Every structure is written in C-alpha cells, then in structure tokens.
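What follows is one structure encoded as structure tokens, with my remarks underneath.
Small disclaimer: the values here were computed from a predicted structure and weren't measured. Whatever order the structure lists them in is the order used to number ligands and atoms, beginning at 1.
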Amino acid sequence: MHEMSLAESMLDIVESTARKHHAQRVTSVQFELGALSHADREALAFAFDVVARGSIAEGARFEVIEVPGTAWCMLCSKTVGLAKRGDACPECGHYQLTVTQGEAMRIASIEII
Ligand SMILES: [Zn+2]
C-alpha cells in the first residue's frame, strides 16, 4: 500500500527529530497533505498508527492539514485554484495549467514530551 511506505518514511523523520530533542514520547504529529497528492488522508492516518506501534510515536495524535491545490494558467497569466489534477482552469476553462502547489506532503510539526 502506497500510504504505508509514506507513513514509514514519515515515522523515520519523526523518530530522528524526537531523538535529537531527547524526547520521551511524541504526542502529536501535524502533517501537510496537498490536495493534489495521491495519498488518502484516512489511509495515511491509519497507516501511521500501524507503523508507529512500538515506537516513540505510538499513540500520537495525527493531524492532517490539507493544502489546497493551485496552478498557473498560461492563458489567464495568473494563479488559479485547482480542486484536482486534470481539472480545467476555473476562470477560462482551458487546460494550459502548471501545478504550483498542492502536490507535496510534509511534516509541519511534532509535539514531544
Ligand atoms: Zn485560465
């Protein structure tokens, strides 16, 4: 499962950050998920819960912050909102779009004790 490997690489980052700060436990993880990325937030939260078992982040609260998708429209010469990949420009209806935001996934912050 795609989300499982994402969750594993996230856990790596969470664990090394926690170690660096001499944490005893990770209590929550905030994660930014682009609206245009292919990961499912429910599946990701579930996967993280599974991979975190037995780790310093076991039982951590997992929050997903959704980052909206945006794209640059060549015809409008401006940035427009994009609900999903493959959609037309909401302003002019054409498809000359370059995605500028919403594809990325990253850890925004973690809380430790
Ligand atoms: Zn346009």
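- Among protein atoms, those of element N, O or S found less than 2.8 Å away from the Zn ion (ligand 1) are C73 SG, C76 SG, C89 SG, C92 SG.
- Taking the side chain as every heavy atom from C-beta outward, L44 and F48 never approach each other to under 4.5 Å.
- With sequence neighbours left out, A108 forms a side chain to side chain contact (heavy atoms under 4.5 Å, CB included) with Q30, E32, I65.
- Residues passing the side chain to side chain contact (heavy atoms under 4.5 Å, CB included) test with A18, sequence neighbours excluded: A23, V26, I56, I112.
- The other residues sharing a hydrophobic cluster with V80 are L36, L82, L97, V99, where clustering joins ILVMFWY side chains under 4.5 Å apart.
- Using modelled atom types and a 3.5 Å distance limit, the side chains of T70 and T100 yield a donor-acceptor pair.
- With respect to R25 and E58, no salt bridge is recorded, no charged nitrogen being found less than 4.0 Å from a carboxylate O.
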